[in-house]
2 protein chains.
Amino acid sequence: MNDHLSTTFAALADPTRRAILAKLASGDASVSELAGPFSISMPAITKHLKVLENAGLISRTRSAQFRPCKLEAAPLKEVAGWVEEYRRFWSESFDRLEAYLAEVQAEEHAGKKKKKHKKKHKH
Amino acid sequence: MNDHLSTTFAALADPTRRAILAKLASGDASVSELAGPFSISMPAITKHLKVLENAGLISRTRSAQFRPCKLEAAPLKEVAGWVEEYRRFWSESFDRLEAYLAEVQAEEHAGKKKKKHKKKHKH
DNA sequence: TGGTTATTTAGCTGATTGGTTAATTACAGA
DNA sequence: TCTGTAATTAACCAATCAGCTAAATAACCA
């Protein structure tokens, strides 16, 4: 789990952290401001922020006794790129060529089994 | 961590599981076939598959003593939708940022989630 | 200097995770 | 029916995670 993408996905796999990112999307915020909506302790928020910072999803500066957080979306670009590879598997309007290629490859790779499963193709 | 999106992100936060999905993208495969490239035990693969199935990322059928796995990309659509909300933070074109912010805030304050935003990303 | 506010660190917990080996179920085929 | 293959379950382990309380830092204000 030392690869970048895994770290990013793990950081996103928590609703509190995603809520923090959502809040930061509308502007920088201090730790207390971020903690506001949640019923968890400040140290818990600090830990979440550390996870986000470690994943490169936020950056932090100093301003007096505050540590304002800033959204850093670069890792999300990587996520978008990864998930984009699978678009053809959920897209309703994929062209039929691509679907055909996928099916052919499927049978090819499952060759030893001779499955020949007639996949229903909804239009 | 009982929400759908968290479960999906958690399932994706493991390189072995993402490799399994990548393999399934080129066609259905049995458990042994999926286990092939990895140096971990079969029960470990079974567990990974259970995580993926629980997240709705794969489905399974029976064929003789095989349990072929199939990629189910619907949850990835949800992921793509989530991450898309942050596109403007990594996109190069910041000139329209102000307008976008205004629009988003307007929607936010107006109603819940009117999916009127068929937003075509311009350049 | 001392007091207040903001945030982090330290240390503890219980739950979850990713892995193991050994045993078990399910099925195909001779 | 017996044997081999595919896959799962059971039971365990070490590491990580998300939370807590209490204490420590850090910076401002008076």
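Below, chains carry the letters A, B, ... as their sequence lines are ordered, and counting in each starts from 1. Note: hydrogens, waters and symmetry copies are ignored here, and every other heavy atom, side chains too, is used.
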S.K.: Would you say a side-chain N or O of B/S32 is under 4.0 Å from OP1 or OP2 of D/dA7?
M.R.: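 For D/dA7, OP1/OP2 do have a side-chain N/O of B/S32 under 4.0 Å.
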S.K.: Specify the separation, in whole Å, of atom CG of B/L12 and atom C1' of C/dG18.
M.R.: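 In whole Å, C/dG18 C1' and B/L12 CG are 17 Å from each other.
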S.K.: Please name all residues satisfying ring-ring contact (aromatic ring centres under 6.0 Å, His included) with B/Y86, sequence neighbours left out, ordered by chain then number.
M.R.: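 B/W82.
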S.K.: For B/A11, does its backbone N or O pair with a side-chain atom of B/R17 as donor and acceptor, under 3.5 Å?
M.R.: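 Checking the backbone N and O of B/A11 against the side chain of B/R17, a donor-acceptor pair under 3.5 Å is found.
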S.K.: Please tell me if B/R60 has a side-chain N or O lying less than 4.0 Å from either OP1 or OP2 of D/dA7.
M.R.: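 No, no such contact exists.
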S.K.: Strictly under 3.5 Å: I want the nitrogen or oxygen pairs between protein and nucleotides 20-23 of chain D, one per line.
M.R.:
residue : atom : partner : partner atom : Å
D/dC20  : OP1  : A/S41   : N            : 3.4
D/dC20  : OP2  : A/S41   : N            : 2.8
D/dC20  : OP2  : A/S41   : OG           : 2.5

S.K.: Could you tell me whether the phosphate oxygens of C/dT7, OP1 or OP2, come under 4.0 Å of any side-chain nitrogen or oxygen in A/T46?
M.R.: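 The answer is no; no side-chain N or O of A/T46 sits under 4.0 Å from OP1 or OP2.
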S.K.: Are A/R87 and A/E85 within salt-bridge range, i.e. N to O under 4.0 Å?
M.R.: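 The answer is no: the pair does not qualify as a salt bridge.
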S.K.: Please report, rounded to the nearest Å, how far the P atom of C/dT17 is from the CG atom of A/D14.
M.R.: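 Whole-Å distance recorded here is 12 Å.
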S.K.: Taking the side chain as everything from C-beta on, heavy atoms only, tell me whether A/T61 gets closer than 4.5 Å to A/K70.
M.R.: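 No, every pair of side-chain atoms sits at 4.5 Å or beyond.
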S.K.: Send over the distance from B/E53 CD to D/dT9 C1', rounded to a whole Å.
M.R.: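 Between C1' of D/dT9 and CD of B/E53: 15 Å.
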S.K.: A/L34 has an atom CG; how far is it from atom P of C/dA6, in whole Å?
M.R.: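 Taking CG of A/L34 and P of C/dA6, I get 13 Å after rounding.
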S.K.: Salt-bridge test for B/K50 and B/E53: reply yes if a basic N is under 4.0 Å from a carboxylate O, no otherwise.
M.R.: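 No.
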S.K.: Less than 4.0 angstrom from a charged side-chain N to a carboxylate O is my criterion; do A/D3 and B/R18 meet it?
M.R.: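 A salt bridge is present here (some side-chain N lies under 4.0 Å from a carboxylate O).
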S.K.: Salt-bridge test for A/D28 and A/R60: reply yes if a basic N is under 4.0 Å from a carboxylate O, no otherwise.
M.R.: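 Salt bridge between A/D28 and A/R60, a charged N being under 4.0 Å from a carboxylate O: no.
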S.K.: Determine whether A/V51 and A/V31 fall in the same hydrophobic cluster, where Ile, Leu, Val, Met, Phe, Trp and Tyr are linked whenever their side-chain heavy atoms lie under 4.5 Å apart.
M.R.: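 No; tracing contacts between hydrophobic side chains, which count when under 4.5 Å, never links both residues.
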S.K.: Should B/H48 be listed as having a side-chain N or O under 4.0 Å from OP1 or OP2 of C/dT17?
M.R.: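 Answer is no, no contact under 4.0 Å.
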S.K.: Can you tell me how far P of C/dT17 sits from NZ of B/K50, to the nearest Å?
M.R.: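 Value for this atom pair: 13 Å.
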S.K.: Could you state the CD-P distance from A/E33 to C/dT7, rounded to the nearest angstrom?
M.R.: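 Rounded to whole Å, this separation is 8 Å.
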S.K.: Summarise how protein sits on nucleotides 25-30 of chain C as a single string, 5' to 3': B when a protein heavy atom is under 4.0 Å from the base, S for sugar-phosphate-only contact, - for no contact.
M.R.: -SBS--
S.K.: For A/F66, is there any backbone N or O sitting under 3.5 Å from a side-chain donor or acceptor partner on A/S63?
M.R.: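 A pair under 3.5 Å: no.
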